[in-house]
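Taking it in order: structure first as structure tokens, then the write-up.
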Amino acid sequence: MAEQMNYAILGLGKFGFKVADTIAKTGVSILVADADTEKVDSVAGLFDSAVSLNLNNTEALQNIGLENINTVIIDLAGDIEGSIMCTMTAFEAGVDRIIATVDNMRAGEILKKLGADEVIMPEEEAALRLAKTLISEDFLEYTDVGDGLCIVKIRVKESWNNKSIRRLNLHEKNGITIVAVELDNGLSTDFSADYILHSGQPIVLAMKREELYQFV
């Protein structure tokens, strides 16, 4: 049996709350914490545990059981002191995965040195997704998954029409993997290398970010 994953969201900004709400709906255990008591009280019924505490206070953070948490998401972008305290405390508690939001890359570099596994700039990533969509009508969705990689949903190019995945050979030529194709009943991962693509058909690709610009 797979180990039960436990999550903690430290900071209930728009990003933190959205992540917490989405995770909670899957039925897994989740702890949320924020310095704003009214905000915590307003969402307490949605989560297993909701606590109000000073996220800049190491002692307070040490008392919420982070040693029992697998993944911590810190949403205190703009509050570098609080982000540092949360990152260090989570790291010292042995949390497996620490993700933090930042509002600039310098802050991200600092948090990574202190133990953060990933840093996210929510506004920048949202802007990038919008820009890509505006630039090309064939570009449908963009998700940055870290380490220079991204997942994109595009429409099949005209030049790929009626060609098999094997013939296109995207993985060998460009390091691009087709992970899903859209059929009549939705996205499917059940297809072979001999599957024939059709112009305008939505497909999902995994690739390095530098390969992205050939699609927009």
Side-chain angles (χ1 to χ4, degrees), residues 1-103 107-108 110-126 129 141-147 149-151 179-180 186-187 189 204 206:
M1 181 180 293
E3 180 185 1
Q4 174 68 45
M5 296 300 292
N6 300 306
Y7 297 83
I9 312 296
L10 306 181
L12 288 172
K14 290 182 180 179
F15 178 85
F17 175 77
K18 184 63 177 179
V19 172
D21 187 49
T22 302
I23 292 174
K25 288 176 180 175
T26 68
V28 302
S29 178
I30 184 165
L31 159 74
V32 299
D34 194 274
D36 187 331
T37 300
E38 290 187 5
K39 182 181 293 185
V40 170
D41 289 344
S42 70
V43 303
L46 302 176
F47 308 110
D48 295 296
S49 180
V51 295
S52 174
L53 76 158
N54 181 358
L55 295 174
N56 289 348
N57 187 301
T58 302
E59 185 176 351
L61 288 166
Q62 289 172 338
N63 290 329
I64 60 173
L66 292 181
E67 65 275 9
N68 301 314
I69 300 295
N70 303 105
T71 301
V72 166
I73 296 95
I74 302 162
D75 184 26
L76 297 173
D79 178 3
I80 186 61
E81 181 180 350
S83 296
I84 287 173
M85 289 298 103
C86 290
T87 299
M88 291 178 63
T89 305
F91 182 75
E92 291 168 358
V95 174
D96 295 329
R97 188 180 184 192
I98 302 169
I99 303 168
T101 61
V102 295
D103 55 8
I110 292 171
L111 296 184
K112 280 193 170 183
K113 289 180 180 178
L114 294 174
D117 298 292
E118 300 172 47
V119 294
I120 298 171
M121 296 179 66
E123 291 185 4
E124 181 180 89
E125 292 190 12
R129 286 195 296 271
E141 294 179 16
Y142 168 89
T143 303
D144 192 315
V145 296
D147 295 326
L149 302 175
C150 63
I151 302 291
V179 296
L187 284 175
T189 57
V204 179

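This one's a predicted model, so the numbers in the text were calculated from it and none came from an experiment.
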### Task
Test D96 against T71 for side chain to side chain contact (heavy atoms under 4.5 Å, CB included), laying out the working first.
CA-CA 6 Å; D96 295 329; T71 301; 5.7 Å; no
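- In this structure T37 satisfies the side-chain hydrogen bond (donor to acceptor under 3.5 Å, both in side chains) test together with S52, sequence neighbours excluded.
- F15 meets the side chain to side chain contact (heavy atoms under 4.5 Å, CB included) test with V19, I73, D75, T101, I120, P122; sequence neighbours excluded.
- Side-chain atoms of L10 and I64, non-hydrogen and from C-beta on, do get closer than 4.5 Å to each other.
- Remark: E118 engages R97 in a salt bridge, criterion side-chain N to carboxylate O under 4.0 Å.
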### Message
Run L12 and V43 through side chain to side chain contact (heavy atoms under 4.5 Å, CB included) and show every step you take.
### Response
CA-CA 10 Å; L12 288 172; V43 303; 3.9 Å; yes
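- Residues S29 and N6 approach most closely at CB-OD1, 3.2 Å, considering heavy atoms.
- Separating the OH atom in Y7 from the CG atom in D48 is a distance of 13.0 Å, to the nearest 0.5 Å.
- Of the inter-residue distances, the one linking N56 atom CG with C86 atom SG reads 7.5 Å to the nearest 0.5 angstrom.
- Annotation: side chain to side chain contact (heavy atoms under 4.5 Å, CB included) contacts of V179 (sequence neighbours excluded): T177, V204, A206.
- Partners of M88 according to the side chain to side chain contact (heavy atoms under 4.5 Å, CB included) rule, which considers only residues two or more places apart in sequence or in another chain, are I84, M85, E92, L114.
- For the atom pair I80 CD1 and D103 CG, the distance stands at 8.0 Å (nearest 0.5 Å).
- Here N57 pairs with N54, E59, A60 under the side chain to side chain contact (heavy atoms under 4.5 Å, CB included) rule; sequence neighbours left out.
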### Query
Given L76 and L55, is the side chain to side chain contact (heavy atoms under 4.5 Å, CB included) satisfied, shown in steps?
CA-CA 9 Å; L76 297 173; L55 295 174; 3.8 Å; yes
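- Checking each of D117, L66, I98, V72 against F91 for a side-chain contact (heavy atoms from CB on, under 4.5 Å) leaves exactly one that passes, namely I98.
- For the residue pair A50 and A44, the shortest heavy atom distance occurs at CB-CA, 3.8 Å.
- Nearest heavy-atom pair, V32 versus A20, reported as atom, atom and distance to 0.1 Å: CG1-CB, 3.9 Å.
- Residues passing the side-chain hydrogen bond (donor to acceptor under 3.5 Å, both in side chains) test with D34, sequence neighbours excluded: none.
- A side-chain hydrogen bond (donor to acceptor under 3.5 Å, both in side chains) check over residues 78-91, counting only residues at least two apart or in different chains, returns nothing.
- Atom-to-atom distance recorded for F17:CZ and F47:CZ is 5.0 Å, nearest 0.5 angstrom.
- Interatomic distance, CG of L31 versus CD1 of I69, reported as 5.5 Å (0.5 Å rounding).
- Scanning for side-chain hydrogen bond (donor to acceptor under 3.5 Å, both in side chains) contacts around K25 gives D21, with sequence neighbours left out.
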